[in-house]
A.B. asks: 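Please read through the structure below; I'll follow up with questions.
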Amino acid sequence: MLDKSWRPDEVEAKHYAQWEKNGDFAAGSSDNAESYCIVIPPPNVTGSLHMGHALNNTLQDILIRRKRMQGLNVLWQPGTDHAGIATQMVVERMLEEQGMHRRDLGREKFLKRVWEWKAESGGTITGQLRRLGASCDWARERFTMDEGLSRAVLKVFVALYRDGLIYKDKRLVNWDPKLHTAISDLEVVQHEVNGHLWHFKYPIEGVDKKYIIVATTRPETMLGDTAVAVNPDDPRYKDLIGKYAILPLVGRRLPIVGDEHADPEQGSGAVKITPGHDFNDFEVGRRHDLEVINIFDAEARLNDNVPEKYRGMDRFAAREQVVADLKAEGLIDKIENHVHMVPYGDRGGVPVEPWLTDQWFADAATLAKPAIEAVEQGRTRFVPENWSKTYYEWMRNIQPWCISRQLWWGHQIPAWYGPDGAVFVEETEDEARAAAKAHYGKDVELTRDPDVLDTWFSSALWPFSTLGWPDQTPELKRYYPTDVLVTGFDIIFFWVARMMMMGLHFMNAEPFHTVYIHALVRDAKGQKMSKSRGNVIDPLELVEKYGADALRFTLAALTMPGRDVRMDESRVEGYRNFGTKLWNAARFCEMNQCLPVAEFDPKSAREPLNRWVVGEVARCGAEVDRALEVYRFDEAANAIYAFTWNTFCDWYVELAKPLLSGKDKKVADETRAVAAWVMNRLLRLLHPFMPFITEELWELFGGAGVGRLINAPWPEFEEGLGDAAAEDEIGWVIGLVSGIRSARSEMNVPAAAKIPMVLIGASDENRKRLEDYRGLIAPMARLADVSTAEAGAKSPKGSIQLVHREATVALPVGDVIDIDQEKERLQKEIGRLDDEISKIEKKLGNEQFLAKAPQAVIDEQKDRRADRAARRDAVQAALAQLQAT
RNA sequence: GGGCGAUUAGCUCAGUUGGGAGAGCGUCCGGUUUACACCCGGGAGGUCGGCGGUUCGAGCCCGUCAUCGCCCACCA
C-alpha cells in the first residue's frame with residue numbers, strides 16, 4: 001500500500017542509482033536506429049549548479065528521455081569545461097589566502113595546484129546534475145583539457161594557422177590590468193559611471209596665449225597624446241591644421257590634424273589623440289602616421305614614457321595628479337559632470353585598458369561566412385526563430401577574435417620561437433624542433449609561447465571533439481551533426497557562433513540542426529539573480545525541499561518562448577502538490593485494484609465514462625507530442641497537468657466511484673482496467689518531466705514484466721480512441737453537475753443537505769441521459785434523488801428551479817432557502833441574459849455581418865441566441881413560479 | 001543611435017488563420033463524501049497601456065504615443 005503522501009527524498013536517489021547502474025543512460029550503439037544527440041553545454045568543472053543550469057539541463061533531459069522512450073539511438077554527451085580565467089582566479093584566490101601569488105609558485109607548480117583543485121571539486125557539478133535527474137551518458141564524460149580534446153585543439157590551431165586563419169598581430173586589445181591578460185571584445189562589459197568631462201587648454205605653438213580646447217573623460221591619458229584632431233570642415237579650426245599644439249606637463253609637440261573622427265558637434269570640436277590607449281585614436285593615428293606612445297605597464301601604472309613625477313603611479317592616482325597640475329598651470333577651461341560608459345572586464349571587475357600588445361587572432365570574418373549561410377539556408381534553425389537575427393547581426397559585423405590569453409590554466413599555444421623570433425607552429429615540440437632545424441639548418445634553442453587559448457576556443461570544438469575527433473570514431477559518424485543544442489541567449493556569441501564556425505570548417509557540416517534558446521531565470525520579482533542582490537535561489541535547496549520532480553516540472557511549465565523564467569517558490573510548491581495529487585490518484589487506483597490487465601484493449605470499453613477518459617488521455621498525448629516537437633515545454637507540461645488534475649482526478653475518478661462499487665461486476669472490472677490503462681499512459685507521458693515519481697509508480701502500473709519506465713516505449717495512441725458520443729454524454733453530465741453545484745452554492749443550500757432534483761421539460765435525449773447517469777450524478781451533486789417531469793410541469797411546492805441548458809431543474813429545498821434572496825438572484829440572472837441576448841441580436845441584425853461573416857460564425861451566433869433565450873425563458877418561468885408561492 | 005521584447009484579474013503570466021476575456025497563486029464563502037487539507041466545491045475581481053486606423057467585427061492586424069526591460073554600438 002502506498003503511503004499517504006509522496007516522499008521524494010526517499011526514492012530519488014534510489015532510482016537514479018539504479019538507472020545509472022543498469023546502464024539506462026548509455027548511448028545506443030546500433031547503426032540501424034535513427035540517432036538523436038545532444039551535447040551538454042559544459043559547465044565549469046569547478047562550479048556548482050545554479051538555476052540556469054537547472055533549467056538548461058531539465059529541458060535537455062525532457063527531450064532526451066522522450067526520444068529514448070521513442071526508441072531512438074540516443075546520446076546525451078556530458079562533460080565539463082576547464083573555464084580558463086574563472087578557474088585560475090579561484091585557485092589564485094585560494095593561494096592569496098595563504099599569502100601566496102601564482103608567480104611565487106611558478107607555472108608548473110601552479111598548474112599542479114589547479115589540477116588538484118579540479119580533482120577535488122570537479123565532481124560537484126556532475127553530482128548535482130545527477131540529483132536533478134539528468135540522464136547523461138556519464139561513461140562518456142569529457143573534459144576540455146582531456147588528452148583527446150587537447151589533441152583536437154592543437155590540430156585545429158595548427159590547421160587554421162596554416163590556412164592563414166590564425167595569425168599573430170600587434171594591435172590594441174582589451175587588457176585587464178587586474179588579471180594581466182588580454183580579453184576578447186565579448187568579455188568586456190559596459191558600466192555606467194558618474195564621471196567628469198575635463199576641458200583642457202593646450203597652447204598653440206608659437207602663438208602666445210592662444211589655446212585649443214580639448215575635452216576628455218580620462219585626463220591621465222593626455223600624457224600619451226601625440227596629436228590633436230579637428231574636423232577638416234570645421235571653420236573654427238581649419239586654419240590650425242598643420243600647426244602644432246604643445247602638450248602641457250610633457251612639452252611634446254602635437255600636430256593638429258584634420259580628421260573626420262572629430263565631430264564638430266561634440267565638446268569643443270577638437271579632440272586629443274592618444275593612439276596607444278584608445279581604439280578610435282589608434283585608427284586616427286594610423287591614418288596620420290602618428291607616434292604611438294604606451295604609457296601604462298601591465299597593471300595600468302604609468303611607465304617610463306611619462307615625465308618622472310608620474311612614473312609608477314596608478315592610473316587613477318595619475319588622473320588626479322594630472323588634473324591638479326593642469327589646474328595649477330591654469331590650463332583647465334572647465335569641468336563638467338558627465339555620465340558615461342566605462343568598459344570593465346567581466347571577470348576582473350576593473351576597467352579594462354586598450355593596450356598595445358602582441359596577440360594571436362582568429363580570422364572570424366572568414367570563418368563566419370559559412371556559419372551565416374548555414375542559418376540562412378535553414379540547415380541550422382534557431383528556436384525561437386528571432387534569435388537568428390541576433391546571430392546574423394553579430395556574425396556580419398564580426399571583428400578579429402583575440403584568442404590568446406596571458407594565463408597559465410588552459411591550452412598552451414603550440415607556437416615555438418627561434419633565437420631570432422621566427423615562429424614555428426606545430427602540434428608537438430618535436431615537430432617544432434624539426435621545423436626549426438629545417439629553417440636554421442641546425443638545432444637551436446626554442447622557447448614556447450607562454451600564452452594559453454581563450455576557453456571558448458576549445459568549447460568551439462565541443463560537438464565533434466567530444467565524439468572523438470580528430471579520430472574517426474563510430475560515435476562521430478553516428479552522432480555528428482547533433483540534433484539540438486539547448487542553451488541560453490547569453491552565450492550565442494561566445495559559444496554557439498563559434499561552434500558553428502569550427503564545426504563547418506573542420507567537419508564540413510553544421511554542428512546541430514536546431515539551436516533552442518531558452519531564457520534567463522530571474523527571481524520572483526523579475527530581477528536577475530546575483531550574489532550582490534542576495535536574491536539567488538539555489539536549485540538544490542528547492543530540490544531538497546520539494547523534490548527534483550517538482551523543480552523540473554516548474555522549470556518546464558514556466559519556459560515560454562521569448563520570456564524570462566521567473567522562479568517563484570510558490571510555483572514549485574504547487575507542482576510538488578501536483579506530484580502528491582498524482583500519487584494519491586495512484587493510491588486510489590491501488591485501493592480499488594485498478595491494476596493493469598494484460599492485453600487490455602481500450603477500444604473494447606463500453607461504459608461512456610471509460611470511453612471518454614480514454615479519448616481524453618489520447619488527446620493529452622497528442623498535445624504533448626505536438627508541443628514538444630515545437631519546443632513548447634510549457635504547453636506540454638500544462639496539458640499533462642490539466643489532464644491529470646482536472647480531467648482524471650476531478651471528474652473521472654469521482655464519476656468512477658459509483659461504477660467501482662456498483663453491482664455490475666463487468667462494469668466495475670472494465671473501469672478498473674481503464675483506470676489502470678490511463679495511469680500507465682499518463683506515467684509515460686509525464687516521465688520526461690517527472691522521472692522519479694513516475695518511475696516509482698511504474699512498479700504498480702507498468703504491468704507484469706515490463707521493466708523500468710525509463711525504458712518503456714513512448715505512448716502512441718491509435719486513431720479512434722474515445723468517441724464523440726461518449727464525449728457528448730460525459731460533457732453533459734459534467735455540465736449538469738457543475739450547474740447544480742453552482743446553484744446550490746448560490747442558493748446557500750447547506751453542503752450536507754441531500755436534496756431531490758427534478759429535471760423539467762428536458763428533451764427525450766436528456767431524459768434518457770438522466771436515467772442512465774443518475775447513479776453518477778446523484779453523489780457528485782449531492783442529490784438524494786433525481787427525476788424528470790414533463791415540460792411545463794410545475795415544480796413541487798416549495799422547490800427551487802434552476803436552469804440547465806434547455807431544461808429546468810427544480811430543487812425542492814424546504815425552508816433552507818431565503819426566498820427573497822433567490823428572487824433577487826433570478827432577477828440578476830435574467831438581466832445578464834438579456835444583456836447577452838441584445839448583444840447577439842444587434843450582431844444578427846447587422847446586414848453587413850450577415851453578408852460578410854462566414855456562415856459558421858453566423859450559425860454559432862444563432863445557436864447562442866437560441867440557447868440564451870431558452871435559458872432566459874426558463875429562469876423567467878422559475879421566477880414567476882417562485883413569486884406565486 | 002541600431003535591434004529585440006513587454007504592457008491582459010491584487011501578483012506572475014497564458015491567449016494565431018480576427019468572432020463567446022483565461023490559468024496558477026492570493027483573496028472571500030462553504031466543506032472531511034472510496035485517494036489526496038500538499039485536499040474538495042463555489043464566488044468576487046479586468047475600459048486587454050493611451051489615441052487613431054483597417055474591418056460587419058480588434059486583446060489579436062496597421063500607425064502613433066507613453067512606460068518598462070534586454071542586447072549591440074557610441075559617447076573627446
Side-chain angles (χ1 to χ4, degrees), chain A residues 2 4-6 185 190 197-200 213-218 221 228-229 261-263 266-274 278 280-281 338-341 386-387 389-390 393-394 397 489-490 492-493 519-520 522 524-526 528 546 550 557-558 560 562-564 566 568 570-571 573-592 634-635 638 641-642 649-650 653-654 656-658 660-661 737-738 741-746 748-752 754 779-782 836 839-840 843 846-854 856-858 860-861 864 868:
Chain A
L2 294 175
K4 204 170 167 189
S5 67
W6 160 237
D185 296 347
Q190 306 287 338
L197 192 56
W198 285 272
H199 296 253
F200 296 156
I213 293 173
V214 295
T216 181
T217 54
R218 303 204 46 200
T221 63
V228 172
H261 170 63
D263 178 358
Q266 288 264 10
S268 65
V271 54
K272 64 190 265 310
I273 300 296
T274 321
D278 182 283
N280 286 318
D281 292 4
H338 184 63
V339 179
H340 62 132
M341 299 298 245
N386 58 317
W387 287 109
K389 201 161 182 171
T390 305
E393 186 66 27
W394 190 69
N397 298 300
F489 61 82
D490 49 331
I492 291 178
F493 303 148
L520 235 54
R522 299 173 176 276
K525 290 183 200 128
K528 209 167 167 171
Y546 302 105
L558 293 179
M560 279 152 302
R563 215 182 250 275
D564 288 337
R566 294 202 185 189
D568 190 338
S570 71
R571 293 295 287 261
E573 192 184 349
Y575 290 124
R576 185 271 320 266
N577 296 352
F578 172 64
T580 306
K581 187 73 181 174
L582 176 75
W583 184 260
N584 276 289
R587 196 161 163 261
F588 173 84
C589 288
E590 188 191 26
M591 287 169 71
N592 286 281
D634 58 324
E635 290 181 347
N638 288 333
Y641 183 95
C649 292
D650 288 350
V653 167
E654 293 303 327
K657 284 174 183 174
L660 289 168
S661 61
V737 170
S738 298
R741 281 171 171 175
S742 175
R744 283 181 63 122
S745 180
E746 280 183 37
N748 294 319
V749 179
K754 287 202 173 185
M780 284 290 277
R782 299 196 62 70
E836 207 178 337
K839 248 189 201 166
I840 301 168
K843 209 170 210 179
N846 186 327
E847 281 172 33
Q848 300 268 31
F849 173 70
L850 294 174
K852 297 189 180 174
V857 173
I858 296 171
E860 200 184 324
Q861 294 295 325
R864 267 183 72 206
R868 301 305 188 271

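Quick note: numbers below take in every heavy atom, side chains included, and nothing from hydrogens, waters or symmetry partners. Chain A is the first sequence line, chain B the second, and so forth, proteins listed ahead of strands; every chain is numbered from 1.
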A.B. asks: Give me the distance, rounded to whole Å, that separates B:A23 from B:C62 when you measure between the C1' atoms they each carry.
C.D. replies: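 Looking at atom C1' only, B:A23 and B:C62 are 30 Å apart.
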A.B. asks: Return yes if some donor-acceptor pair links the side-chain N/O of A:R744 with the main-chain N/O of A:A781 below 3.5 Å, else return no.
C.D. replies: yes
A.B. asks: Taking the C1' atom in each of B:A58 and B:G53, what is the distance between them to the nearest angstrom?
C.D. replies: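 After rounding to an integer number of Å, I get 11 Å for this pair.
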A.B. asks: What is the nucleic acid contact for A:S268, judged by heavy atoms within less than 4.0 Å: base, sugar-phosphate only, or nothing?
C.D. replies: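 It contacts nothing in the nucleic acid.
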A.B. asks: Separation of A:R576 atom CZ from B:G24 atom P, in whole Å?
C.D. replies: 17 Å
A.B. asks: Using the P atom in both, what is the distance from B:C39 to B:G26, to the nearest Å?
C.D. replies: 9 Å
A.B. asks: Give A:D650 one of three labels, base, sugar-phosphate or nothing, depending on what nucleic acid heavy atoms sit under 4.0 Å from its own.
C.D. replies: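 Here A:D650 touches the backbone only, sparing every base.
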A.B. asks: From C-beta outward on A:V653, which listed nucleotide comes closest to its side chain: B:G19, B:A35, B:U34?
C.D. replies: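 Closest nucleotide among those given: B:A35.
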A.B. asks: Distance check, P atoms only: B:G63 and B:U54, in whole angstrom units.
C.D. replies: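 To the nearest whole Å, 15 Å.
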A.B. asks: Side chain of A:F493: nearest nucleotide among B:C72, B:C36, B:G20?
C.D. replies: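 Of the options given, the side chain of A:F493 lies nearest B:C72.
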A.B. asks: Counting the atoms with a prime plus P, OP1 and OP2 as sugar-phosphate, which does A:C589 contact under 4.0 Å by heavy atoms, base, sugar-phosphate, or nothing?
C.D. replies: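 Contact class for A:C589: none.
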A.B. asks: Would you mind telling me which of B:G20, B:C72, B:C36 lies closest to the side-chain atoms of A:T580?
C.D. replies: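 For A:T580, the side-chain atoms sit closest to B:C36.
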A.B. asks: Please name the pair of heavy atoms, one in A:A557 and one in A:D634, separated by the smallest distance, quoted to 0.1 Å.
C.D. replies: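 Heavy atoms of A:A557 and A:D634 come nearest at O-CB, 3.4 Å.
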A.B. asks: So A:A262, base contact, sugar-phosphate only, or nothing? Heavy-atom distance under 4.0 Å.
C.D. replies: base
A.B. asks: Looking at every heavy atom in both A:D281 and A:D278, which two are closest together, and how far apart are they?
C.D. replies: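 Minimum heavy-atom contact is N-OD1, 2.9 Å.
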A.B. asks: Please give the distance between the C1' atoms of B:A73 and B:G3 as a whole number of Å.
C.D. replies: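 Between the two C1' atoms, the distance is 11 Å.
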A.B. asks: Side chain of A:N846 only, heavy atoms from C-beta on: which candidate in B:G19, B:C56, B:G43 is closest?
C.D. replies: B:C56
A.B. asks: Could you tell me whether A:Y575 and A:Y546 have their ring centroids closer than 6.0 angstrom?
C.D. replies: no
A.B. asks: Among B:C38, B:C36, B:C56, which is the nearest nucleotide to the side chain of A:R587?
C.D. replies: B:C36
A.B. asks: Is the phosphate of B:C40 approached by A:K581 (side-chain N or O, under 4.0 Å from OP1 or OP2)?
C.D. replies: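 Yes.
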A.B. asks: Using atom C1' in both nucleotides, what's the gap between B:A21 and B:G15 to the nearest angstrom?
C.D. replies: 9 Å
A.B. asks: Output one letter per nucleotide in nucleotides 1-7 of chain B: B when a protein non-hydrogen atom lies under 4.0 Å from the base, S when only the sugar-phosphate is that close, - when neither is.
C.D. replies: --SSSSS
A.B. asks: What is the distance, to the nearest angstrom, from the CG atom on A:D634 to the P atom on B:U12?
C.D. replies: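 Going from A:D634 (CG) to B:U12 (P), I get 18 Å.
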A.B. asks: With a 4.0 Å cutoff (strictly under), does any side-chain N or O of A:N638 reach OP1 or OP2 of B:A23?
C.D. replies: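 Answer is no, no contact under 4.0 Å.
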A.B. asks: Rounded to whole angstrom, note down the C1' distance from B:A66 over to B:G50.
C.D. replies: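 7 Å, rounded to whole Å.
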A.B. asks: When we call it a touch if two heavy atoms are under 4.0 Å apart, what does A:P854 touch: a base, just sugar-phosphate, or nothing?
C.D. replies: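 The answer is base, as A:P854 lies within the cut-off (heavy atoms under 4.0 Å) of a base atom.
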A.B. asks: Among B:U33, B:U34, B:G20, which is the nearest nucleotide to the side chain of A:E836?
C.D. replies: B:G20
A.B. asks: Could you state the atom-to-atom distance from CZ of A:F578 to P of B:G24 in whole Å?
C.D. replies: 13 Å
A.B. asks: What does A:R741 touch in the nucleic acid at a heavy-atom separation under 4.0 angstrom: a base, only the sugar-phosphate, or nothing?
C.D. replies: sugar-phosphate
A.B. asks: Counting side-chain heavy atoms from CB outward, which of B:G20, B:A35, B:U33 is closest to A:R782?
C.D. replies: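 From the listed options, B:U33 comes nearest.
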A.B. asks: A:L850 CG to B:G19 P: how many Å, rounded?
C.D. replies: 18 Å
A.B. asks: To the nearest Å, give me how far apart CG (A:N397) and P (B:C71) are.
C.D. replies: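 Rounded to the whole Å, the gap is 18 Å.
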A.B. asks: Within the 4.5 Å heavy-atom criterion, are A:T390 and A:F489 side-chain neighbours or not?
C.D. replies: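 Counting from C-beta outward, A:T390 and A:F489 never come under 4.5 Å.
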A.B. asks: Students often get this wrong, so: under 4.0 angstrom with heavy atoms, is A:L197 touching a base, only sugar-phosphate, or nothing?
C.D. replies: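 Touches sugar-phosphate only.
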A.B. asks: Can you name the nearest heavy-atom pair linking A:I858 to A:A853, along with the distance?
C.D. replies: CD1-O, 3.6 Å
A.B. asks: To the nearest angstrom, how far is A:R864 atom CZ from B:G20 atom P?
C.D. replies: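 Between P of B:G20 and CZ of A:R864: 6 Å.
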A.B. asks: Side-chain N or O of A:Q190 less than 4.0 angstrom from OP1 or OP2 on B:A73?
C.D. replies: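 No, no such contact exists.
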A.B. asks: Any chance you could measure A:F493, atom CZ, to A:E393, atom CD, to the nearest 0.5 Å?
C.D. replies: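 So the gap between those two atoms works out to 8.0 Å.
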A.B. asks: Hey, does the side-chain of A:S570 have a donor or acceptor N/O within less than 3.5 Å of a partner on the base of B:C25?
C.D. replies: no
A.B. asks: Answer yes or no: is there a side-chain heavy-atom contact under 4.5 Å between A:C649 and A:K581?
C.D. replies: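 Answer yes - side chains close enough.
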A.B. asks: Output the single nucleotide from B:G24, B:C36, B:C56 whose closest atom is nearest the side chain of A:E654.
C.D. replies: B:C36
A.B. asks: Just compare B:A35, B:G30, B:U55 and give me whichever is closest to any side-chain atom of A:K852.
C.D. replies: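 In terms of side-chain proximity for A:K852, the closest of B:A35, B:G30, B:U55 is B:U55.
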A.B. asks: Does A:N280 make a side-chain N or O approach to OP1 or OP2 of B:C75 shorter than 4.0 Å?
C.D. replies: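 Looking at the OP1 and OP2 atoms of B:C75, one of them is under 4.0 Å from a side-chain N or O of A:N280.
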A.B. asks: Do A:V214 and A:V271 have side chains that approach each other closer than 4.5 Å (heavy atoms only, starting at C-beta)?
C.D. replies: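 When only atoms from C-beta onward are counted, A:V271 and A:V214 do not touch, as no gap falls below 4.5 Å.
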A.B. asks: Where the side chain of A:K657 is defined as all heavy atoms beyond and including C-beta, which of B:C72, B:A35, B:G20 is the nearest nucleotide?
C.D. replies: B:A35
A.B. asks: Give the rounded distance in Å between these two atoms: CZ of A:R571 and P of B:C13.
C.D. replies: 10 Å
A.B. asks: Using Watson-Crick pairs (N1 to N3, plus N6-O4 or O6-N4) and G-U wobble pairs, both distances under 3.5 Å, which stems of at least 3 pairs involve RNA chain B?
C.D. replies: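 Stem list for RNA chain B: B:1-7 with B:66-72, B:10-13 with B:22-25, B:27-31 with B:39-43, B:49-53 with B:61-65.
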A.B. asks: Would you mind classifying the nucleic acid contact of A:M591 as base, sugar-phosphate or nothing, using non-hydrogen atoms under 4.0 angstrom?
C.D. replies: sugar-phosphate
A.B. asks: Could you check whether any side-chain heavy atom of A:K272 comes within less than 4.5 Å of a side-chain heavy atom of A:T221, counting everything from C-beta outward?
C.D. replies: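 The answer is yes; the side chains approach within 4.5 Å.
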A.B. asks: 5'-most contact on RNA chain B: A:A752 or A:A586, nearest heavy atom basis?
C.D. replies: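 Result of the comparison: A:A752.
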A.B. asks: Could you tell me the separation between the NZ atom of A:K754 and the P atom of B:U33, rounded to a whole number of Å?
C.D. replies: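 Interatomic distance, NZ of A:K754 to P of B:U33: 10 Å.
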A.B. asks: If we take the P atom in both B:U8 and B:G69, what is their distance in whole Å?
C.D. replies: 15 Å
A.B. asks: Over all heavy atoms of both residues, which pair between A:H261 and A:I273 is shortest? Give the atoms and the distance, please.
C.D. replies: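 Nearest heavy atoms, A:H261 then A:I273: CD2-CD1, 4.3 Å.
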